[in-house]
Q: 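I have a structure here, written as structure tokens, and I will follow up with some questions on it.
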2 protein chains.
Amino acid sequence: MARAATTSDVFNAIAEPQRREILVLLRAGERSVTEVAQELGMTQPGASKHLRVLREVGLVCDRKAGKQRLYGLDASGLRPVHEWTGGFEQFWNESFDRLDAYVQDLKQTRKAE
Amino acid sequence: MARAATTSDVFNAIAEPQRREILVLLRAGERSVTEVAQELGMTQPGASKHLRVLREVGLVCDRKAGKQRLYGLDASGLRPVHEWTGGFEQFWNESFDRLDAYVQDLKQTRKAE
DNA sequence: TTTACATATACCGATATCGGCATATGATTG
DNA sequence: CAATCATATGCCGATATCGGTATATGTAAA
């Protein structure tokens, strides 16, 4: 068995840097496949394939517009990722606190010398 | 070229379901490799390899404890992911608003009938 | 030092990924 | 219908992934 399918898994879909770039780009509004390819410096098939993955996990939606197909952001799928990482928020604050405590300790020690 | 190396990339590291499970487990405190393997039903080499990846991207830290090696959570690396997804928060609220507007619209239409 | 336990690594097979190129499918216009 | 533009798909090679088993390395106790 290899890595879990990139399809139907948002975590895998956003593991690809170029796909993250596409999502960021689409925050500015809908884009056609060719526009995505041009603005991000990728080939047309490349853009099309990445958009396919993003569509399959529901991060983008598409609609026909003449001979073009416009892709738009559907960021709701990112919410679970945001919430999952948010479940660790106390821990990175904690390590911050630990570091802070450590620094405070250093200060104390210096004063005592 | 294949997928970007899982090493040195937090997004890729957490793309693996088992690695996410490990991180969740470690929220409860440090664990040895064997404990991780047992509690999550994976083989010892399997746990070791996943922990290696997590260590290389800085999501866990390890310390020697007798003949064991204890792995602990270092969640600060998850913060960028949390923030990156947070950059889309307005967009999933937006789609929520759109849905809400749609529902309101439905209500109006019913009333009018 | 020998033994026992804990962890890491090496190797393997099956498979999925990504990028590039060529080409097929689709849609619009003349 | 033919030509044109836009997009999707198929195929390929190179490579990375993951899981499993066997084994090497490391550490502590007898």
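Order of the sequence lines fixes the chain letters, A, B, ..., with proteins taken first and strands second; residue numbering starts at 1 for each chain. Reckoned from all heavy atoms, side chains included, excluding hydrogens, waters and symmetry mates.
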Q: Roughly how far, to the nearest 0.5 Å, is OG1 of Thr85(B) from CD1 of Ile14(A)?
A: 7.0 Å
Q: Could you pull out the protein-nucleic contacts involving nucleotides 21-26 of chain C (nitrogen or oxygen on both sides, under 3.5 Å)?
A:
none

Q: Judged by atom type as modelled, is there a donor-acceptor pair below 3.5 Å linking the side chain of Glu16(A) to the main-chain atoms of Gln18(A)?
A: yes
Q: Check the distance between dA16(D)'s P and Glu16(B)'s CD and give it to me in whole angstrom.
A: 17 Å
Q: Is there a side-chain contact between Tyr71(B) and the phosphate of dA6(C), meaning an N or O under 4.0 Å from OP1 or OP2?
A: no
Q: Judged by atom type as modelled, is there a donor-acceptor pair below 3.5 Å linking the side chain of Gln68(B) to the main-chain atoms of Ala65(B)?
A: no
Q: Of all residues at least two apart in sequence or in a different chain, which pass the side-chain contact (heavy atoms from CB on, under 4.5 Å) check with Ser48(B)?
A: Val33(B), Gln44(B)
Q: Going by heavy atoms in the side chains, are Leu26(B) and Leu54(B) under 4.5 Å from each other?
A: no
Q: Tell me, which of residues 23-38 of chain A have any heavy atom that sits under 4.0 Å from an atom in DNA chain C?
A: none
Q: Mind calculating the distance between CG (Leu54(B)) and C1' (dA8(C)) to the nearest angstrom?
A: 15 Å
Q: Kindly give the heavy-atom pair with the smallest separation between Asp9(A) and Ala15(B), and that separation in Å.
A: OD2-O, 4.2 Å
Q: If you check the Arg52(B) side chain, which of dT9(C), dA8(D), dG19(D) turns out closest?
A: dT9(C)
Q: For Phe88(A), which residues count as a ring pair (Phe, Tyr, Trp, His ring centres under 6.0 Å) partner, sequence neighbours excluded?
A: Trp84(A)
Q: Mind checking side-chain contact (heavy atoms from CB on, under 4.5 Å) for Ala28(B) and listing every partner two or more places apart, or none if nothing turns up?
A: Arg31(B)
Q: Work out how much the helix from dT1(C)-dA30(D) to dG30(C)-dC1(D) bends between its end axes, five pairs an end, to the nearest 10 degrees.
A: 10°
Q: Examine distances only and state if a side-chain atom of Arg63(A) and a backbone atom of Leu70(A) form a donor-acceptor pair shorter than 3.5 Å.
A: no
Q: Expressed in angstrom and rounded to an integer, what is the separation of His50(A) atom NE2 from dT7(D) atom P?
A: 16 Å
Q: Nearest 0.5 angstrom please: Met42(A) CE to Ile22(A) CD1, how far?
A: 4.0 Å
Q: Report the distance from atom CE of Met42(B) to atom P of dG19(D), rounded to the nearest whole Å.
A: 7 Å
